[in-house]
Amino acid sequence: AQSVTQPDIHITVSEGASLELRCNYSYGATPYLFWYVQSPGQGLQLLLKYFSGDTLVQGIKGFEAEFKRSQSSFNLRKPSVHWSDAAEYFCAVYAGGSNYKLTFGKGTLLTVNP
Amino acid sequence: KAGVTQTPRYLIKTRGQQVTLSCSPISGHRSVSWYQQTPGQGLQFLFEYFSETQRNKGNFPGRFSGRQFSNSRSEMNVSTLELGDSALYLCASSPGLAGEGQYFGPGTRLTVT
């Protein structure tokens, strides 16, 4: 079965600093990969997705993610963080052989200091 | 386009009761999935429906069930509620199968007392 690991439970950055959120997945083949963001009391918003092709994917709100097959990783990056980026971020994979489903990591909570 | 809507937004039930949650997907979307979110277990997949057929089901007891109507609207039902069923229940829709990328509703906050 597939699994997703987000090693960092909580990250704090200063406004204007760069950001990288880590995501590693476990699956025999290349799954579909996603990053979602959840603000307090809200549902999840899709930031970006990777299916195939170019391994650097651009998303909304200035985010990008890079798929690295050799490392089974799909890290999310942003060059300059804004205070409004404070939220919880979830990496997810869609895979499963005969029972495809979306599996989420435990999430990384991002705090942005002024 | 209007986003995914879920009703009700908040619900308080007593152990042993049953509950039905409703989800209206984005217009034109044919796939609807349901997830349970709790602080301890995180986001867990419940089931996915596509064109009124359940495609996949997560590891939840039979007390959790769902269905999808011809207009793609979906309902999920939890019978014989337990305290551990207290959670945020999220519905998500996608144009085709869930792997294309899903769009989530705001969720229904269920509290079981």
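Protein chains get the first letters and strands the later ones, always in sequence-line order, with residue 1 at the start of each.
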Q) Side chain, backbone, both or neither: which part of A:Gln45 has a heavy atom under 4.5 Å from chain B? A) neither
**Q.** Cluster check A:Val4, A:Ile11: I/L/V/M/F/W/Y, side chain < 4.5 angstrom
**A.** yes
Q | Nearest-0.5 Å distance, CD of residue A:Gln42 to CG of residue B:Leu88 | A | 10.5 Å
Q) Are A:Val81 and A:Val37 joined in one hydrophobic group, where the rule is that I, L, V, M, F, W and Y side chains link up if heavy atoms are under 4.5 Å apart? A) yes
Q: Considering only heavy atoms and a distance below 4.5 Å, find which of A:Leu102, A:Leu46, A:Val93 pairs most often with chain B.
A: A:Leu102
Q.
Surrounding CD1 of A:Ile9 (heavy atoms of other residues, nucleotides or ligands, distance under 6.0 Å), is the total greater than 12?
A. no
**Q.** Heavy-atom proximity to chain A below 4.5 Å, by part of B:Leu43
**A.** both
(Q) Do A:Leu44 and B:Phe45 land in one hydrophobic cluster if side-chain heavy atoms of ILVMFWY residues count as linked below 4.5 Å? (A) yes
Name every donor-acceptor pair, under 3.5 Å, that has one atom in a side chain of residues 103-113 of chain B and the other anywhere in the protein, sequence neighbours excluded.
from: B:Thr108; atom 1: OG1; to: B:Pro8; atom 2: O; distance (Å): 2.5
from: B:Thr113; atom 1: OG1; to: B:Lys13; atom 2: O; distance (Å): 3.4

Q.
Using a 6.0 Å cut-off, check whether atom CG of B:Asn71 has over 12 heavy atoms from anything other than its own residue.
A. yes
**Q.** Within residues 12-19 of chain A, residues adjacent to chain B where the heavy-atom gap is under 4.5 Å
**A.** none
**Q.** Within 6.0 Å of CZ in B:Phe47, more than 12 heavy atoms from elsewhere
**A.** yes
Q. Is it true that A:Phe90 and A:Trp35 fall in one hydrophobic cluster, defined by side-chain heavy atoms closer than 4.5 Å?
A. yes
Q | Portion of B:Tyr35 that has a non-hydrogen atom of chain A nearer than 4.5 angstrom | A | side chain
Q. So which bits of residues 104-114 of chain A come within less than 4.5 Å of chain B, counting non-hydrogen atoms only?
A. A:Phe104, A:Lys106
Q.
Applying a heavy-atom distance below 4.5 Å, give me the residues of residues 51-62 of chain A that approach chain B, sorted by number.
A. A:Phe51
Q: Please check if B:Val78 and B:Tyr49 belong to a single hydrophobic cluster, counting links between Ile, Leu, Val, Met, Phe, Trp and Tyr side chain heavy atoms closer than 4.5 Å.
A: yes
Q.
Could you check whether any side-chain heavy atom of A:Gln38 comes within less than 4.5 Å of a side-chain heavy atom of B:Gln37, counting everything from C-beta outward?
A. yes
Q: Flag yes if more than 12 heavy atoms outside B:Arg9 fall under 6.0 Å of its CZ atom; otherwise flag no.
A: yes
